[in-house]
Protein chains: 2
Amino acid sequence: MSEKKNKNKKISLSEVATAAGVSKMTASRVLRGEGGYSESTRALVMQKVDELGYLPNRLATVFAGDKSSTFVGVSIPDLGNEVFAQVLEGIDRKLGLFGHQTVLGLTQHTQKAEEEWIKTVLSWQPAGLILTGRYHSARATEMLKAANVPIVEIWDLNSSPMDTSVGINHFDCGFDMGRYLVGCGYRELGYVGTSHDTANAAATRLDGFTRAVEGGNGHVSKQLCLHDTANYYTGYYGTEQLLAGTKSVECIFYQNDAMAFGGLQFVLSKGMSVPGDIGIAGWGDLPIASVLPKRMTSMHVPHLKLGQTAAEMMLARLSDEPVPVCKDIGFHLIPGTTVRRADN
Amino acid sequence: MSEKKNKNKKISLSEVATAAGVSKMTASRVLRGEGGYSESTRALVMQKVDELGYLPNRLATVFAGDKSSTFVGVSIPDLGNEVFAQVLEGIDRKLGLFGHQTVLGLTQHTQKAEEEWIKTVLSWQPAGLILTGRYHSARATEMLKAANVPIVEIWDLNSSPMDTSVGINHFDCGFDMGRYLVGCGYRELGYVGTSHDTANAAATRLDGFTRAVEGGNGHVSKQLCLHDTANYYTGYYGTEQLLAGTKSVECIFYQNDAMAFGGLQFVLSKGMSVPGDIGIAGWGDLPIASVLPKRMTSMHVPHLKLGQTAAEMMLARLSDEPVPVCKDIGFHLIPGTTVRRADN
DNA sequence: TAGCGTAAGGTTACGGGTAACGCAATTGCC
DNA sequence: GGCAATTGCGTTACCCGTAACCTTACGCTA
């Protein structure tokens with residue numbers, strides 16, 4: 001705190017060079033190991049680097065070479081959702097192995113926050129961007145195009161992405177769940193989620209779900225909570241509200257597993273039996289599901305792999321390898337024990 | 001992909017200036033709004049900025065001003081653990097409000113990975129670093145000192161941090177749980193965790209726990225899994241191994257709630273009743289715990305607040321406001337229903 | 001109307017590296 | 001021994017903004 005401000009200066013390459021009695025350029029060559037110097041010079045420079053504790057300034061490197069950095073911007077809606085945390089982990093681990101750094105951006109599910117973040121992160125000359133979701137504001141899209149950096153859009157499968165895309169088809173995901181539940185004999189279905197916005201993956205799943213249910217002569221009553229986080233509480237209270245409004249619901253599909261657990265707990269607390277009195281189905285297959293006594297009927301998505309694949313696609317783009325425009329990483333249904341068994 | 005490479009160039013400030021018929025410097029002044037230009041000039045420059053889609057290059061700004069960037073490096077062990085994801089969310093949200101960007105580093109609980117990451121991230125001239133844990137490699141410590149940037153060490157309370165610190169006292173945390181369980185009448189206790197390393201918070205909790213139990217004439221048998229992730233599976237199998245080794249254990253304390261849920265599920269699957277036949281206690285108080293029928297005996301730590309507080313301390317350091325060297329954000333015990341009730 | 005202040009803008013010199021090029025000394029080859 | 005090729009290093013210019021300083025034109029006052 002009260003130290004003199006004279007020690008603030010970082011050691012620069014020229015200081016190392018001067019100490020070693022060579023030119024900046026020679027020191028630079030040694031540090032990059034690109035040859036053009038003798039062994040004795042190399043040893044001398046490296047010795048001075050050690051002595052002075054020199055740390056290169058990567059900003060200058062990027063700046064000088066007019067090349068892009070090793071940063072990869074990654075936008076994620078929120079980390080309260082375990083699923084996104086896993087995606088992020090997959091991305092960062094893989095990127096880290098190849099010398100890239102993740103610059104995080106939490107968008108809170110809003111395009112406005114995403115746009116703000118994109119603007120800032122682009123000004124740092126990132127090597128590329130990984131964005132969650134396929135819907136971006138007009139200005140964001142414009143900036144992204146102008147920036148001309150590799151982009152991987154994840155989560156929603158996007159057959160005509162800005163650049164490349166990896167994810168799953170959320171419509172199909174919802175549709176498959178709807179068909180499965182109809183196949184189990186349910187006709188009066190409920191949905192509890194949080195999104196009022198139509199421009200997101202959860203809404204797309206709901207579309208698919210509704211289509212399948214109605215195609216099977218069923219009906220879907222919906223309850224969308226105003227809270228913007230899809231968690232245990234919103235699942236609990238959303239279920240309470242749904243059941244207060246419509247008595248006839250036989251089975252409820254939730255936006256995600258966290259909400260489904262909340263809903264499960266609500267109906268159990270009201271003395272209902274699952275799946276005897278009501279069916280419960282989630283989405284995302286939380287890790288905890290695998291150790292609970294009742295296996296949640298859900299949809300498994302390989303989240304960690306999604307992240308890793310996104311990172312791999314980014315790395316391939318960065319090294320100009322061919323990359324598929326769009327990659328489907330798939331999902332599969334977990335029958336579980338929270339809906340009654342299909343009688344097929 | 002196959003586009004000509006001529007569009008790759010980004011528009012620079014001088015191009016904007018030339019287009020507007022003014023000097024670079026005037027354009028710079030307009031963009032920073034620091035005055036010294038007429039309204040007509042301002043309008044003209046801004047019009048050109050819009051037309052050309054100019055995005056400033058922050059690298060150059062940092063570079064020119066010889067000031068630090070708006071990056072804050074944040075090291076986190078892993079995101080599989082929900083608890084760390086919440087801490088990160090707290091940090092990034094708060095930092096984002098003040099125009100800072102989070103550069104993520106997942107250290108996988110190893111000092112080597114942390115050191116590697118520190119070296120890289122420092123070369124980007126970050127404004128500051130937030131590090132999880134108080135134990136760093138010697139070389140890392142050296143680099144951090146030389147870099148002379150604000151540092152906030154989180155998670156472990158550290159009365160003599162490198163710079164500043166916020167977290168909880170893990171020894172006390174373990175101790176309080178030990179005392180509580182002894183107070184519940186347990187004497188033969190078990191511990192299941194993953195850390196073989198003594199240099200981390202979980203090991204410190206175990207120390208505190210052991211001290212309290214032995215102080216109450218109890219005894220602790222331990223089972224440390226070789227897996228490095230503390231999750232449901234390691235909890236499940238760790239419990240199986242612990243119980244195979246020592247039949248007499250009355251109650252088990254786990255490294256975290258995820259492992260405790262795994263353990264709970266194991267003992268239930270063996271037909272044991274909880275807390276009738278055996279007690280189960282976790283740590284961290286996972287959000288899901290609040291909606292499950294059986295409330296896990298655990299220790300609540302305000303994770304999101306921890307992250308926010310860390311970010312606040314960083315922001316204060318960056319604006320040279322006074323910051324406490326060390327801040328305890330506390331914890332409290334959740335009695336729960338997975339251990340038998342204290343008879344005091 | 002000289003003298004001065006101020007608004008509006010231009011000029012120059014960096015900052016920390018790197019690409020491109022220059023050049024002397026050594027080595028290889030016939 | 002003469003010439004070219006290579007090795008080992010230095011010089012210069014540049015990347016894109018900004019701080020510091022300089023210039024010009026105009027208005028006001030004594």
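Residue numbers start from 1 in every chain, and the chains themselves are labelled A, B, ... in the order their sequence lines are given, proteins ahead of strands. The figures that follow rest on heavy atoms only: side chains count, while hydrogens, waters and symmetry mates do not.
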Select from B:G21 and B:A60 the residue whose nearest nucleotide in DNA chain C is closer to the 5' end of that strand.
->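 It is B:G21, whose closest nucleotide lies nearer the 5' terminus.
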On DNA chain C, more 5' by nearest nucleotide between A:I11 and B:S38 is B:S38
Have a look at [X] and say if it touches a base, only the backbone sugar-phosphate, or nothing, with a 4.0 Å heavy-atom cut-off.
X: A:V22; result: sugar-phosphate
X: A:S23; result: base
X: B:F63; result: base
X: A:R29; result: base

Expressed in angstrom and rounded to an integer, what is the separation of [X] atom [atom1] from [N] atom [atom2]?
X: A:Q125; N: D:dC15; atom1: CD; atom2: C1'; answer: 11 Å
X: A:L13; N: C:dG16; atom1: CG; atom2: P; answer: 10 Å
X: A:M25; N: C:dT18; atom1: CE; atom2: P; answer: 7 Å
X: B:R58; N: C:dG15; atom1: CZ; atom2: C1'; answer: 17 Å
X: B:L59; N: D:dG17; atom1: CG; atom2: P; answer: 10 Å
X: A:E15; N: C:dG17; atom1: CD; atom2: C1'; answer: 13 Å
X: B:K10; N: D:dG17; atom1: NZ; atom2: P; answer: 11 Å
X: B:W124; N: C:dG17; atom1: CH2; atom2: C1'; answer: 12 Å

Is there a side-chain contact between [X] and the phosphate of [N], meaning an N or O under 4.0 Å from OP1 or OP2?
X: B:R42; N: C:dG9; value: no
X: B:T41; N: C:dA8; value: no
X: A:Y54; N: C:dG17; value: yes
X: B:S28; N: D:dT18; value: yes
X: A:T61; N: C:dG17; value: no

By nearest-nucleotide position on DNA chain D, the 5'-leaning member of A:K24 and B:E34 is A:K24
Once you round to the nearest 0.5 Å, how far does CG of B:L13 lie from CD1 of B:I11?
->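 It is 11.5 Å, given to the nearest 0.5 Å.
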Please confirm whether the backbone N or O of A:V83 pairs with a side-chain atom of A:Q86, one donor and one acceptor, at under 3.5 Å?
->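 Checking the backbone N and O of A:V83 against the side chain of A:Q86, no donor-acceptor pair under 3.5 Å is found.
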Which one, [options], comes nearest to the side chain of [X]?
X: A:R32; options: C:dG17, C:dT18, D:dA19; value: C:dT18
X: A:S12; options: D:dC16, D:dT18, C:dG16; value: C:dG16
X: B:N57; options: D:dC16, C:dG9, D:dC9; value: D:dC16
X: B:A64; options: C:dG15, D:dC9, C:dG16; value: C:dG15

Lys/Arg-Asp/Glu bridge criterion (N-O < 4.0 Å) met for [X], [Y]:
X: B:K119; Y: B:E116; answer: no
X: B:E51; Y: B:K48; answer: yes
X: A:R42; Y: A:E39; answer: yes

Check nucleotides 24-26 of chain C against the protein and report each pair of N or O atoms closer than 3.5 Å, with its distance, or say if there are none.
none

Polar contact flag, side-chain donor to acceptor under 3.5 angstrom, B:T110-B:Q108 =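 The answer is no; no qualifying pair exists.
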Check whether the side chains of A:T70 and A:Q101 place a donor and an acceptor atom closer than 3.5 Å, and report yes or no.
-> yes
Out of B:V22, B:V45, B:V30, B:L31, which one pairs with B:V16 under the side chain to side chain contact (heavy atoms under 4.5 Å, CB included) rule?
-> B:V45
Is there a side-chain contact between B:L129 and B:V121 (heavy atoms, below 4.5 Å)?
->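 Yes. Closest side-chain heavy atoms under 4.5 Å.
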